[in-house]
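A quick write-up on the structure given underneath.
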Number of protein chains: 2
Amino acid sequence: MADPETRLDQMVKKLKENECRITPQRLAILKILAFSEGHPSIENIYEQVKVDFPTTSLATVYKTLTLMKELKEVLEIGFADGSNRYDGNKPYPHPHLICINCRKIVDPDLTTLADMTQQLAQDTGFRILNHRLDFFGICPDCQNKK
Amino acid sequence: MADPETRLDQMVKKLKENECRITPQRLAILKILAFSEGHPSIENIYEQVKVDFPTTSLATVYKTLTLMKELKEVLEIGFADGSNRYDGNKPYPHPHLICINCRKIVDPDLTTLADMTQQLAQDTGFRILNHRLDFFGICPDCQNKK
DNA sequence: TTCTTATATGATAATCATTATTAGTAAATA
DNA sequence: TATTTACTAATAATGATTATCATATAAGAA
């Protein structure tokens, strides 16, 4: 994982390049994204922003995340049940390992995935632009708790 | 792909085993699922049912699909934007190849996925129960249309 | 520093897919 | 064919996300 400060600078730079203003609320949200180890939800980010900016609206959080998503600086991990999560540290497609018990999300190493994608493109003629790979299971911590 | 008639029988049998009634609406929905080549949406299924049963309610379609999902006879491919699709032919996790232009969904062969899953379980200690693998791109048809 | 103005915010209303409710209907069994 | 009770149809409710718009403010210019 990149250094959070560096990551924050990258995101701020991207905003400036696109002539977007650096507001206190935006900066606070970017900080949360850059410094978060996990994969926070909208609600989670909202709660954290409100510590420093209690009047922040939920709509602002949605709008900022949508903006960063468009600028390819945040990866949205959307689930069908609406429990979306966000990753501001690795804003490119990568596999996830998700514990269905404690909701923890881990980023595993899967070097063979690139080979698999290339093979698939060759076999099917598709031009592959993106992917989404999630494994669901029980993490070691939760297995031990039983 | 299995023979649609056989697949239909399997699903009807599963309903009977679980003491669920075989109503005309349910049978119609099961037929659509068994005979569909693609991966129909809720709306798509709803439109098809209404050809034979014009008074069918959308809620009935939702309830039948939820039921079949619980009985593990239908796979729900849910997307964050709400554009869910259903697969009654291969109701177990498998990779998808999705055209972002025409929305076509293809089931590719990826034999290495099983190896990958096992490797991952070994490396991380997770007990992996399920997975979801989607590749997004442009299908050969859409590439040629340009 | 102050001014200017387009952009961002906050509060709330609107949207829309899905779920819950409920009175009435009909499948299954004897 | 009668009885039981799960199922259906119609509609209301829900809840996450998006749109609206008056107000506030970031950032460049004077």
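Convention: sequence-line order gives letters A, B, ...; per-chain numbering from 1.
Following rounding to the nearest Å, A:Phe79 (CZ) and D:dT17 (P) show an atom-to-atom distance of 13 Å.
Between B:Leu58 and B:Glu43 the shortest side-chain heavy-atom distance falls below 4.5 Å. Between B:Lys14 and B:Met11, every side-chain heavy-atom pair lies at or beyond the 4.5 Å cut-off.
Of the possible donor and acceptor atoms, one in the side chain of A:Asn84 sits under 3.5 Å from a partner among the backbone N and O of A:Phe79. Formation of a donor-acceptor pair under 3.5 Å by the B:Asn89 side chain with backbone atoms of B:Ser36 is found in this model. The main-chain N or O of B:Gly78 is found under 3.5 Å from a side-chain atom of B:Arg132 such that the two form a donor-acceptor pair.
B:Phe126 and A:Cys99 get closest at one heavy-atom pair: CE2-N, 3.8 Å.
Heavy-atom distances under 4.0 Å link DNA chain D to B:Thr55, B:Thr56, B:Ser57, B:Ala59, B:Thr60, B:Lys63 of residues 43-63 of chain B, given in residue order.
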Would you tabulate the pairs of protein nitrogen or oxygen atoms and nucleotide nitrogen or oxygen atoms of nucleotides 25-27 of chain D closer than 3.5 angstrom?
from: D:dA26; atom 1: N3; to: A:Arg21; atom 2: NH1; distance (Å): 3.3
from: D:dA27; atom 1: OP1; to: A:Ile22; atom 2: N; distance (Å): 2.9

Does the side-chain contact (heavy atoms from CB on, under 4.5 Å) test come out yes or no for A:Phe136 and A:Ile98, once each step is laid out?
-> CA-CA 5 Å; A:Phe136 302 90; A:Ile98 301 158; 3.7 Å; yes

So B:Asp123 and B:Gln119, side-chain hydrogen bond (donor to acceptor under 3.5 Å, both in side chains) or not? Walk me through it.
-> CA-CA 6 Å; B:Asp123 292 350; B:Gln119 185 69 50; 3.3 Å; yes

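First and last contacts of DNA chain C with chain A, using any nucleotide atom under 4.0 Å from a protein heavy atom and ordered 5' to 3', fall at C:dA6 to C:dA11.
Atom NZ of B:Lys69 has more than 12 neighbouring heavy atoms from other residues, nucleotides or ligands inside a 6.0 Å radius.
Between A:Glu73 and A:Arg7 a salt bridge is recorded (basic side-chain N to carboxylate O distance below 4.0 Å).
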